[in-house]
Amino acid sequence: MKLGVVYRDKYTRCCVSHGILPSSFQTLPSRALTTTTSKPLSHRWGRLHGSNDAIKAYHKSCLLISLCPTRWDRVPLQRLFKFGSKLLLFHTLQHEHHLFDHIPHPTAASINRSMLNLLHKHHPFRALAMFKGQFQLCSLDTVNEVTVALSLKACQGELKLGSQIHGFVVSSGFDSCVTVSNSLMKMYCKSGNFEKALLVFENLINPDIVSWNTILSGFEKGVDALSFACSMHLNGVVFDPVTFTTALSFCWGDHEFFFGWQLQSLVLKYGFGCEVFVGNALITMYSRRGRLDEARRVFDEMTRRDLVSWNAMLSGYAQEQGHYGSEAVSIFVNMVRRGMLLDHVSLTGAVSACGHIKNLELGRQIHGLIIKVGYETHVSVGNVLMSTYSKCEVLKDAKVVFQLISNPNVVSWTTMISIFVEDALSLFNEMRSYGLYPNDVTFIGLIHAITISNLVTEGQQVHGLCIKSCFLSEQTVSNSLITMYARFEFMQESKQIFEELNYRETVSWNALISGYAQNGLYKEAFLTFLSATKEIKPNQYTFGSVLNAIAAAEDISLKHGQCCHSDLLKRGLSTGPIVSGALLDMYGKRGNISESRIVFNETPERTVFAWTAIISAYARHGDYESVMSLFKEMGREGNSPDSITFLSVLVACCRKGMVDVGHRVFDFMVKEHSIEPIPEHYSTMVDMLGRAGRLEEAEELMHQIPGGPGLSVLQSLLGSCRLHGNVDMAERVVNNLIEMDPASSGPYVLMANLYAEKGMWEKVAEVRKGMRGRGVKKEVGFSWVDVGNVDSLYLHGFSSGDKSHPESEDICRMAEFIGLQMKLLKDSREGRKVVLGVTNPNINE
DNA sequence: AACTGCCTAA
């Protein structure tokens with residue numbers, strides 16, 4: 001009988017059904033299959049003696065077992081067993097029970113070896129089945145303490161199985177053996193039952209160092225672990241390298257780090273400085289605290305290093321957000337030059353370093369290497385590659401990487417959802433169709449995508465899904481939802497989610513405060529900030545949001561902004577880019593230009609936002625000269641202005657009437673900086689031309705705006721028409737305006753005023769009538785006054801003809817007085833004769 | 001034979 005294609009298929013099926021990818025079999029030439037016959041095997045291979053030949057023969061025999069097991073006899077097997085554990089490894093690949101039955105007299109040693117092989121090959125439950133088989137056969141003489149220890153290891157933290165074995169341990173008296181107890185403790189630690197592990201430990205009569213180490217490694221909190229280490233020391237337990245390694249792995253928190261130092265000196269004292277594991281733990285400890293130079297010193301002083309040492313150093317550098325990017329690269333290059341066998345940890349570290357320093361070219365080279373060493377289908381490596389490509393803004397390549405990953409996990413899908421915002425929903429559904437469950441990060445990415453795309457209904461659906469799948473209890477997910485609803489202008493929902501949180505961290509407060517600020521609810525934003533300071537420690541984002549609110553609010557006293565400022569100084573937060581930007585923006589918007597300048601001068605890192613904030617502050621103030629000099633200085637310092645910077649410069653030109661300069665700035669923006677003008681740019685240009693009296697040019701420019709003129713453009717042009725008394729154009733503009741926004745009183749009022757100035761009283765009456773006929777009411781304009789009372793939250797608001805204030809009479813008298821003083825000052829400056837008794841040195845001479 | 005180290009996504 002010839003073995004042909006059919007059998008190869010059968011062989012493949014057999015492997016697949018066992019979940020095996022036998023790399024050694026893949027290289028078996030198909031010729032071997034087609035030429036092998038099924039003549040009595042013992043006859044053909046029985047005389048093989050060298051282990052290599054035997055293994056080769058065994059390869060074929062494995063195939064044949066699956067093809068025609070009935071033809072198999074015991075003779076070659078017994079011969080093969082002579083070649084020891086290497087062959088036993090092959091048993092584990094196929095039909096191990098079948099083969100196992102052929103072992104004439106299984107001993108505890110052979111069973112243990114088989115179980116260990118199965119564990120190495122990641123088949124823990126088959127190892128367990130082997131143990132179970134001995135159990136059922138009642139051949140307990142083949143079970144020793146090692147067998148029990150191995151079977152406990154095979155449980156992989158499955159509490160149910162482990163407890164059963166614990167029962168067996170107690171009933172068979174194995175609990176007196178410290179090895180078995182140690183394995184039991186490990187099993188309980190892995191299954192998250194640390195208390196039970198402690199119970200086993202406390203019942204031990206003679207715990208050895210492994211017992212202590214096992215318990216030490218089971219602690220969750222660093223503090224508890226280290227105090228246990230202290231008690232070990234006090235109990236006279238002599239630390240071994242494993243103790244140090246375990247204890248050091250807990251020393252990366254703020255409090256624990258000190259302990260790490262002390263442990264390091266103990267390590268040196270005990271002479272364990274050359275232990276690879278200990279050195280690796282030290283490298284990790286230092287790099288987790290960001291002390292890469294000290295980690296490097298440990299690394300350099302190590303006499304022996306293994307792959308993990310190099311990987312620890314590499315990923316330590318890679319994690320530091322690009323500050324040590326070049327160091328990470330040089331470590332990796334060194335590893336490659338030394339011809340080290342790289343694993344997925346090395347490759348992920350190298351790729352993530354490329355992502356942090358945004359070095360696309362190097363990333364691509366390492367990607368090439370990854371393909372060469374065959375890791376392109378590896379999930380972790382693929383995930384980091386995707387993230388690196390997305391950081392380097394080559395999204396297409398990220399997608400290609402994703403498609404090559406053999407078994408994409410939740411992380412892969414989450415990365416895709418975060419990168420491809422517009423496809424986020426369909427990606428999410430596709431992920432679920434593969435039976436993968438989203439985690440909290442997936443939801444954060446999805447909610448963020450929905451927020452950006454403004455998908456209200458889908459947002460509510462995802463909110464429902466979060467409730468259903470119990471993800472609302474995740475702080476981070478709830479925070480995303482708060483932000484989402486705030487963006488949708490559903491502050492009620494935002495607040496409700498916030499209030500239902502069982503614990504509110506700073507981020508949650510920030511989300512709510514910035515939500516209020518963005519929706520124009522400045523008082524709520526400020527009040528929320530006040531409550532936040534009582535509960536949590538505000539950070540730069542908290543202050544950024546509340547300062548934005550105070551900047552935009554007309555009726556919150558600037559004193560509160562100043563209080564925030566001093567608080568920031570006290571906390572040492574005032575120089576961060578977010579806070580300093582918000583501070584100088586606030587002072588600029590609220591009219592305190594000198595304070596703005598001080599904040600700007602004290603800002604160590606002048607970002608585009610800082611420059612823009614100070615320039616727009618001066619522009620709002622009408623200080624054309626300062627705006628232009630700052631704008632030039634900004635260019636000299638190598639900062640490129642953004643769209644808002646240009647807007648502020650244009651506003652300054654507009655106020656000063658510098659039409660030609662404004663034109664040049666506009667062209668400079670479009671041609672040199674390739675910035676697409678936004679409606680506000682056009683509106684400022686139209687305003688600028690209009691104020692200068694170039695009304696026709698203004699109207700012409702207005703019609704060039706892509707998408708047609710908006711409200712603000714028309715309003716500013718109308719203002720210019722009134723200024724220059726152009727009734728015809730004003731009428732055109734007003735008609736346009738009323739069409740766009742029928743409810744607004746602005747155009748009516750302006751038009752009526754223009755007619756009045758021209759003495760066209762019938763027209764005035766007509767406009768007033770039209771206004772009443774359409775049910776339009778004039779909105780009341782308010783002015784705000786800050787009366788020096790620190791406790792008062794808000795300012796006093798006044799409108800024209802308003803007598804509601806209890807002190808309105810005094811206020812009006814004072815206003816009149818101030819008005820008179822101002823008039824006098826103005827007259828004297830312009831060289832007119834002073835009528836009343838305010839002295840002016842210039843006039844007196 | 002039991003205890004230990006490096007790992008990515010927001």
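Computed from heavy atoms alone, side chains included, the values below leave out hydrogens, waters and symmetry copies. Residue numbers begin at 1 in each chain, while the letters A, B, ... track the order of the sequences.
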Quick check: do A/Trp261 and A/Gln264 have side-chain heavy atoms less than 4.5 Å from each other?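 Yes. Closest side-chain heavy atoms under 4.5 Å.
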
Sugar-phosphate, base or nothing in reach of A/Val276, heavy atoms under 4.0 Å: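 A/Val276: base contact, heavy atoms under 4.0 Å.
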
So what does A/Val345 hit on the nucleic acid, given a heavy-atom distance under 4.0 Å: a base, only sugar-phosphate, or nothing?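 Since a base atom lies under 4.0 Å of A/Val345, the category is base.
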
Which residues in residues 286-309 of chain A have at least one heavy atom lying under 4.0 Å from any atom of DNA chain B?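 Result for residues 286-309 of chain A: A/Arg288, A/Asp306, A/Val308, sorted by number.
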
Within residues 227-235 of chain A, residues whose heavy atoms come under 4.0 Å of DNA chain B: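 DNA chain B contact set from residues 227-235 of chain A: none.
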
If the condition is side-chain hydrogen bond (donor to acceptor under 3.5 Å, both in side chains), which residues does [X] pass it with, not counting sequence neighbours?
X        : answer
A/His378 : none
A/Thr243 : A/Asn213, A/Asp240
A/Thr388 : none

Between [X] (side chain) and [Y] (backbone), is there a donor-acceptor pair under 3.5 Å?
X        : Y        : value
A/Ser387 : A/Asn383 : no
A/Asp306 : A/Val308 : yes
A/Ser453 : A/Ile450 : no

Under the ring pair (Phe, Tyr, Trp, His ring centres under 6.0 Å) test, residues paired with A/Trp310 that sit two or more places apart: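 Per chain and number, A/Trp310 pairs via ring pair (Phe, Tyr, Trp, His ring centres under 6.0 Å) with A/Phe299.
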
Non-neighbouring partners of A/Phe471 that pass ring pair (Phe, Tyr, Trp, His ring centres under 6.0 Å), sequence neighbours left out: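 Only A/Phe443 meet the ring pair (Phe, Tyr, Trp, His ring centres under 6.0 Å) criterion with A/Phe471.
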
Listing time: all N or O pairs from protein to nucleotides 2-4 of chain B that are below 3.5 Å?
residue	atom	partner	partner atom	Å
B/dA2	OP1	A/Lys153	NZ	3.3
B/dA2	N1	A/Asp208	OD2	3.4
B/dA2	N3	A/Asn182	ND2	3.1
B/dC3	O4'	A/Thr214	OG1	3.3
B/dC3	O2	A/Asn213	ND2	2.6
B/dT4	OP1	A/Lys186	NZ	2.8
B/dT4	O2	A/Thr245	OG1	3.4

Under the salt bridge (Lys or Arg N to Asp or Glu O under 4.0 Å) rule, collect the residues that match up with A/Arg291, sequence neighbours excluded.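 Here the qualifying residues are A/Glu294.
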
For A/Asp300, enumerate each residue passing the salt bridge (Lys or Arg N to Asp or Glu O under 4.0 Å) test, keeping only those at least two apart in sequence or located in another chain.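 Scan of A/Asp300 (salt bridge (Lys or Arg N to Asp or Glu O under 4.0 Å), adjacent residues dropped) gives A/Arg296.
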
By the salt bridge (charged side-chain N to carboxylate O under 4.0 Å, His left out) test, which pairs, at least two apart or in different chains, include something from residues 368-395 of chain A?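 As it turns out, there is no salt bridge (charged side-chain N to carboxylate O under 4.0 Å, His left out) pair with a partner in residues 368-395 of chain A once direct neighbours are skipped.
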
Out of the candidates A/Val276, A/Val278, A/Thr246, only one should pair with A/Pro241 under the side-chain contact (heavy atoms from CB on, under 4.5 Å) rule; please name it.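 So the option named by the test is A/Val278.
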
Close N/O contacts between protein and nucleotides 8-10 of chain B (under 3.5 Å):
residue	atom	partner	partner atom	Å
B/dT8	OP1	A/Gln319	NE2	3.2

Mind calculating the distance between CD (A/Gln264) and P (B/dG5) to the nearest angstrom?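 In whole Å, B/dG5 P and A/Gln264 CD are 18 Å from each other.
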
